[in-house]
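Working notes, structure below.
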Number of protein chains: 2
Amino acid sequence: MQLTQFTDLSLRLLIYLARLPEPGLATISEIADYHQISRNHLVKVANSLANQGFIMSTRGKGGGLQLARPAYAIGLGEVVRRTEQNMNLVECFDIPSNQCRLIRNCFLKATLYEAQRAFMSVLDKYTLADAANLGVNAELLSLPTATPPLT
Amino acid sequence: MQLTQFTDLSLRLLIYLARLPEPGLATISEIADYHQISRNHLVKVANSLANQGFIMSTRGKGGGLQLARPAYAIGLGEVVRRTEQNMNLVECFDIPSNQCRLIRNCFLKATLYEAQRAFMSVLDKYTLADAANLGVNAELLSLPTATPPLT
DNA sequence: CTATAAGATTCATTTAAAATGCATCTTATG
DNA sequence: CATAAGATGCATTTTAAATGAATCTTATAG
């Protein structure tokens, strides 16, 4: 049960931008250097985020990346849903390719769906402003429920 | 966001056993045939389940696999937690190997932990008897919340 | 109008994890 | 002792993800 590094980097890139002072512009190279990660990979991450409408990119000298909306208007659930490639927890989630013979009278699928919705519901409660710790909704994040337990 | 096929097969194997009439014994080959999957892979799945105490295996002629406990006493959350290899949603979940520089003042981790706990909490509500649709707690499963939505 | 700094796009390669296959060992029954 | 079962270890294949490299497009400065 993992998210791809692609999704991880998408979130990190957004957090990086969210924390910049006005006008909130940074280049891909700058962010790749900061995180010491492959610039090539980050280029694709930036592209995907731009295509999904989370960031705006400007080419040419003086260009770079900026949030397309204020951080408090970017939901974390939305980002994950649009970035994570494969949300099929198990084979039977994808009807066209399913091979499992239990499909008709098995409640595992319904249960896993419910669990996945619970997962996404939590992410939907928070925004990029929360993740970047910008103060908006920050009081929510100091509640016990937001403290990392050992699973 | 996927579970491994290994986990998927673990659950399917348990459901298969849960549905057998007394004494609930089946061979690995029988289950592999039924699901038309690699017997080799299923051998390892069966092994893992036996090591975790979910099933009992008996060697030799007339041997096979059986549930080690009644289906209603096997929690789905427990199975997933013990079967899924890697529960680190993102890099920073694993402190020793973490490289992310945001770690100190980023609430993404706390949020993802909360989401993961919400996910597991749902699975913890249900047992193998529910998944196998054996009637126990079945009324719970017909509630709207258990109906598969589109994420 | 050219040099340069940026992102966009495409294709190829590498890596790592998962899945699969094969051979051999152990155990139990008739 | 033959056979049917699971157990174990090693090798191979497959797949998705990650990474790398080359080229294209766009914008700005001088």
Side-chain angles (χ1 to χ4, degrees), chain A residues 1-10 12-13 17 23 25-33 35-68 83-91 94 97 99-100, chain B residues 1-10 12-13 17 23 25-33 35-68 83-91 94 97 99-100:
Chain A
M1 185 183 187
Q2 300 162 78
L3 299 177
T4 59
Q5 188 177 332
F6 192 91
T7 299
D8 193 0
L9 292 184
S10 294
R12 289 196 213 173
L13 189 154
L17 292 180
L25 193 79
T27 67
I28 295 178
S29 300
E30 172 189 339
I31 303 175
D33 284 353
H35 278 297
Q36 300 182 285
I37 54 180
S38 156
R39 186 182 174 281
N40 285 292
H41 200 196
L42 203 57
V43 163
K44 277 146 206 169
V45 167
N47 248 269
S48 140
L49 288 171
N51 291 334
Q52 300 294 342
F54 295 116
I55 64 176
M56 288 168 50
S57 62
T58 47
R59 294 180 174 192
K61 201 176 261 185
L65 312 173
Q66 284 174 292
L67 293 183
T83 303
E84 188 70 8
Q85 297 261 91
N86 189 341
M87 292 292 282
N88 297 323
L89 277 180
V90 290
E91 186 180 335
D94 185 50
S97 72
Q99 302 274 152
C100 180
Chain B
M1 188 185 187
Q2 299 162 79
L3 300 178
T4 59
Q5 189 178 332
F6 192 91
T7 299
D8 194 0
L9 292 184
S10 294
R12 289 195 214 174
L13 189 154
L17 292 181
L25 193 79
T27 67
I28 294 178
S29 300
E30 173 188 339
I31 304 176
D33 284 353
H35 278 298
Q36 300 183 286
I37 54 181
S38 157
R39 186 183 174 281
N40 287 290
H41 200 197
L42 203 57
V43 163
K44 277 147 207 172
V45 167
N47 249 269
S48 139
L49 288 170
N51 291 334
Q52 300 295 339
F54 295 115
I55 64 176
M56 287 168 50
S57 62
T58 48
R59 294 179 174 192
K61 201 176 259 183
L65 311 175
Q66 285 173 292
L67 293 184
T83 304
E84 187 71 8
Q85 297 262 89
N86 188 343
M87 293 291 283
N88 296 322
L89 278 180
V90 289
E91 187 180 333
D94 185 49
S97 72
Q99 300 274 152
C100 179

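These numbers come from the heavy atoms of this one structure, side chains and all, not from hydrogens, waters or symmetry mates. Predicted, not measured: the structure shown is a model, and the values here were computed from it. Letters go in sequence order (proteins before strands), and every chain restarts at 1.
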Provide, to the nearest angstrom, the distance between the [atom1] atom belonging to [X] and the [atom2] atom belonging to [N].
| X | N | atom1 | atom2 | value |
| --- | --- | --- | --- | --- |
| B:R39 | D:dT8 | CZ | C1' | 13 Å |
| A:L65 | C:dA5 | CG | C1' | 14 Å |
| A:L42 | D:dA18 | CG | P | 12 Å |
| B:L25 | D:dA4 | CG | C1' | 13 Å |

With side chains defined as the heavy atoms from C-beta onward, is the minimum distance between [X] and [Y] less than 4.5 Å?
| X | Y | value |
| --- | --- | --- |
| A:F54 | A:S10 | no |
| B:N47 | B:V43 | yes |
| B:L65 | B:I28 | yes |
| A:Q66 | A:L17 | no |

What is the per-nucleotide protein-contact pattern of nucleotides 21-30 of chain D, from the 5' end, where B denotes a base atom under 4.0 Å from a protein heavy atom, S denotes such proximity for sugar-phosphate atoms only, and - denotes neither? B---BBBSS-
Reported NE2-to-NE2 distance for the pair B:H41 and B:H35, which is rounded to 0.5 angstrom: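 NE2 of B:H35 is found 13.5 Å from NE2 of B:H41.
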Separation of B:E84 CD from B:D8 CG (nearest 0.5 Å):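 Rounded to the nearest 0.5 Å, the CG-CD separation comes out at 10.0 Å.
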On the nucleotide D:dA16, are OP1 or OP2 found under 4.0 Å from the side-chain N or O atoms that A:Q5 carries?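 Answer is no, no contact under 4.0 Å.
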Establish, with yes or no, whether the OP1 or OP2 oxygen of C:dT9 is under 4.0 angstrom from a side-chain nitrogen or oxygen of A:N47.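 Looking at the OP1 and OP2 atoms of C:dT9, one of them is under 4.0 Å from a side-chain N or O of A:N47.
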For A:S38 and for B:S57, locate the closest nucleotide of DNA chain D by heavy-atom distance; then report the residue assigned to the nucleotide nearer the 5' terminus.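 The answer here is B:S57.
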What nucleotide, of C:dT20, D:dG6, C:dA18, holds the atom closest to the side chain of B:Q85?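 The listed nucleotide nearest to B:Q85's side chain is C:dA18.
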